[in-house]
Peer 1: 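Mind looking over this structure? Questions follow.
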Amino acid sequence: MPELPEVETTRRGIEPHVRGRRIAKIIIRDARLRWPIAENLPRQAEDRRIIGIQRRAKYLLFRLEADATLILHLGMSGSLRLVAAQDPPLAHAHLDIILASGQALRYTDPRRFGSLHWCTGDPAQHHLLASLGPEPLSSAFHADYLYGLSRGRRICAKALLMDSRAVVGIGNIYANEALYRAAIRPMRSAGCIGRNRYARLVQAVKSVLAEAIEAGGTTLRDFTDSTGQPGYFHRRLEVYGRGGAACQRCAGIIRMERLGQRATYYCPGCQF
DNA sequence: CGTGGGACCTGCTGGC
DNA sequence: TGCCAGCAGGTCCCAC
């Protein structure tokens, strides 16, 4: 479900309610996420104060006092909501982080592709985070970086954008949208795209993600922020989910093809 | 090494 | 109306 803008929307919604609060209790109703939640994780985290929440790629990092971090990934269908601790849990509410304030962060994830890890020391060294590429909205993600990385590569431009070692946070929706904005065909070989076009692509990635964060993310079926509100960026999607519809820029018809099992949308008229 | 495909899991949709 | 195949916002891991 969530790409970078949805994770960032969640982070921003939750942080003011969580920062400085103490974790009173962690309730695990179902530990069977992508990796089983460690049995002693609740005991390790309980009674620690939350210093703040950071985001790295699509991971939420709950920084705790005494140099510890809870690392949470929302997978495909995960969401995090602020609830009253006594609210009865609905289906798939696998996990509650109960705060001393009486509120709880409730993690719900039907497909169970998400994960929760305990980490001491520098979370950047954690095995899930250690080999991640730069943040797309940071200055480290720039035209020369992506251009250099792509030399000699045969993979599709879209696959490169979605490779977390190249750049993080870009999933299927925003990869499609950014390539459309940059007028690059998703299936074009990364190695035969010139520097100027990478400059345009980098700019497109940054603008799409920034606008999506501004809009509170994209709600296709069920994404909501931490208070249950949907995001509004789906209204501004130009190609994703629009197969057979008219391109807004030219007379072309948006086409859908599968690229590495993922639905890929592009305009054959203006992407080359 | 780079690349593509399968795997994990549940729920919803659309076609018959 | 009911059933079932196919598809879904992620990403790790394993062959080639």
Side-chain angles (χ1 to χ4, degrees), chain A residues 1-10 29-37 55-60 71-80 90-95 107-117 126-133 136 148-179 186-192 205 208-209 212-213 215-225 230-237 239-244 256-265:
Chain A
M1 164 194 302
E3 298 185 39
L4 187 150
E6 293 73 40
V7 178
E8 180 61 21
T9 296
T10 299
R29 296 188 198 82
D30 192 341
R32 299 171 304 158
L33 300 187
R34 175 160 194 193
W35 296 282
I37 300 174
R55 180 190 54 73
R56 173 73 174 109
K58 297 168 191 166
Y59 294 93
L60 288 171
I71 302 176
L72 179 69
H73 197 287
L74 303 179
M76 283 279 258
S77 58
S79 64
L80 205 51
L90 303 176
H92 310 298
H94 307 312
L95 168 72
Y107 176 71
T108 302
D109 185 4
R111 294 176 73 180
R112 290 191 272 117
F113 285 172
S115 64
L116 179 67
H117 288 264
H126 191 273
H127 70 278
L128 290 172
L129 308 185
S131 55
L132 294 177
L149 196 69
S150 65
R151 292 309 86 187
R153 303 285 300 275
R154 312 167 136 194
I155 55 163
C156 303
K158 182 171 178 240
L160 182 65
L161 269 192
M162 294 177 69
D163 180 349
S164 64
R165 288 162 303 186
V167 57
V168 300
I170 305 168
N172 200 34
I173 294 179
Y174 299 110
N176 279 294
E177 293 299 312
L179 288 161
M187 46 289 292
R188 168 144 243 125
S189 254
C192 62
V205 165
V208 164
L209 294 178
I213 291 170
T218 296
T219 297
L220 291 185
R221 355 183 107 71
D222 56 1
F223 170 76
T224 63
D225 70 11
Y232 293 97
F233 195 73
H234 61 286
R235 297 180 186 171
R236 312 228 324 247
L237 296 177
V239 284
Y240 185 86
R242 297 193 66 245
M256 195 282 265
E257 276 175 46
R258 268 182 197 280
L259 221 59
Q261 345 253 78
R262 313 301 296 273
T264 301
Y265 301 89

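Here is the naming used below: chain letters follow the sequence lines, and residue numbers restart at 1 for every chain.
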Peer 1: Between B/dC9 and C/dC3, how many Å separate the two P atoms, rounded to a whole number?
Peer 2: 25 Å
Peer 1: Establish, with yes or no, whether the OP1 or OP2 oxygen of C/dG9 is under 4.0 angstrom from a side-chain nitrogen or oxygen of A/Tyr174.
Peer 2: no
Peer 1: Answer yes or no: is there a donor N or O on one side and an acceptor on the other, between the side chain of A/Glu177 and the main chain of A/Val208, under 3.5 Å?
Peer 2: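 Not a single qualifying donor-acceptor pair exists.
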Peer 1: Going by the rule side-chain hydrogen bond (donor to acceptor under 3.5 Å, both in side chains), which residues pair with A/Tyr59 if we only count those two or more places apart in sequence or in a different chain?
Peer 2: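 Once residues adjacent in sequence are excluded, A/Tyr59 has no partner under the side-chain hydrogen bond (donor to acceptor under 3.5 Å, both in side chains) criterion.
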Peer 1: Identify all side-chain donor-acceptor contacts of residues 258-265 of chain A below 3.5 Å with residues at least two apart in sequence or on another chain.
Peer 2:
residue  : atom : partner  : partner atom : Å
A/Arg258 : NH1  : A/Gln261 : O            : 3.0
A/Thr264 : OG1  : A/Lys158 : NZ           : 2.9
A/Thr264 : OG1  : A/Arg262 : O            : 3.1

Peer 1: If the condition is side-chain hydrogen bond (donor to acceptor under 3.5 Å, both in side chains), which residues does A/Arg56 pass it with, not counting sequence neighbours?
Peer 2: A/Glu135
Peer 1: Which residues pass the side chain to side chain contact (heavy atoms under 4.5 Å, CB included) test with A/Pro36, sequence neighbours left out?
Peer 2: none
Peer 1: Are any protein N/O atoms closer than 3.5 Å to N/O atoms in nucleotides 12-16 of chain C? If there are, list each pair with its distance.
Peer 2:
residue : atom : partner : partner atom : Å
C/dC12  : OP1  : A/Tyr59 : OH           : 3.4
C/dC12  : O4'  : A/Arg34 : NH2          : 2.5

Peer 1: Return the set of residues passing side chain to side chain contact (heavy atoms under 4.5 Å, CB included) with A/Arg29 (not counting sequence neighbours), or none when no residue passes.
Peer 2: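 In terms of side chain to side chain contact (heavy atoms under 4.5 Å, CB included), with neighbours along the sequence ignored, A/Arg29 is linked to A/Ile27, A/Pro89, A/Ala93, A/Asp96, A/Arg106.
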Peer 1: Taking only side-chain nitrogens and oxygens of A/Arg262, does any of them come within less than 4.0 Å of OP1 or OP2 of C/dA8?
Peer 2: no
Peer 1: When you compare B/dG6 with C/dG6, how far apart are their P atoms, in angstrom units rounded to a whole number?
Peer 2: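 It comes out at 14 Å once rounded to the nearest Å.
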Peer 1: Dump the pairs, protein N or O against N or O of nucleotides 1-5 of chain B, anything under 3.5 Å, distances to one decimal.
Peer 2:
residue : atom : partner  : partner atom : Å
B/dT3   : OP1  : A/Arg154 : N            : 2.5
B/dT3   : OP1  : A/Ile155 : N            : 3.1
B/dT3   : OP2  : A/Arg153 : NE           : 2.4
B/dT3   : OP2  : A/Arg153 : NH2          : 2.7

Peer 1: Taking protein heavy atoms under 4.0 Å as touching, what does nucleotides 9-16 of chain B look like 5' to 3' if B marks base contact, S marks sugar-phosphate-only contact and - marks none?
Peer 2: BBS-----
Peer 1: So do A/Leu60 and A/Val7 actually touch side chain to side chain, heavy atoms under 4.5 Å?
Peer 2: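 Of all side-chain heavy-atom pairs linking A/Leu60 with A/Val7, at least one is under 4.5 Å.
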Peer 1: Under a 3.5 Å cutoff on both atom distances, Watson-Crick or G-U, what's the dot-bracket for DNA chain C ([ ] crossing, | other strand)?
Peer 2: .|||||||.|||||||
Peer 1: According to side-chain hydrogen bond (donor to acceptor under 3.5 Å, both in side chains), who are the partners of A/Arg165, at least two apart in sequence or on a separate chain?
Peer 2: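 Once residues adjacent in sequence are excluded, the partners of A/Arg165 under the side-chain hydrogen bond (donor to acceptor under 3.5 Å, both in side chains) criterion are A/Asp163.
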Peer 1: Is the backbone N or O of A/Arg111 less than 3.5 Å from a side-chain atom of A/Ser77, with the two atoms forming a donor-acceptor pair by type?
Peer 2: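 Answer holds: yes.
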Peer 1: Which residues satisfy the side-chain hydrogen bond (donor to acceptor under 3.5 Å, both in side chains) test with A/Tyr174, sequence neighbours excluded?
Peer 2: A/Glu6, A/Thr218
Peer 1: List in chain and number order the residues that pass salt bridge (charged side-chain N to carboxylate O under 4.0 Å, His left out) with A/Arg32, two or more places apart in sequence or in another chain; answer none if no residue qualifies.
Peer 2: A/Asp30
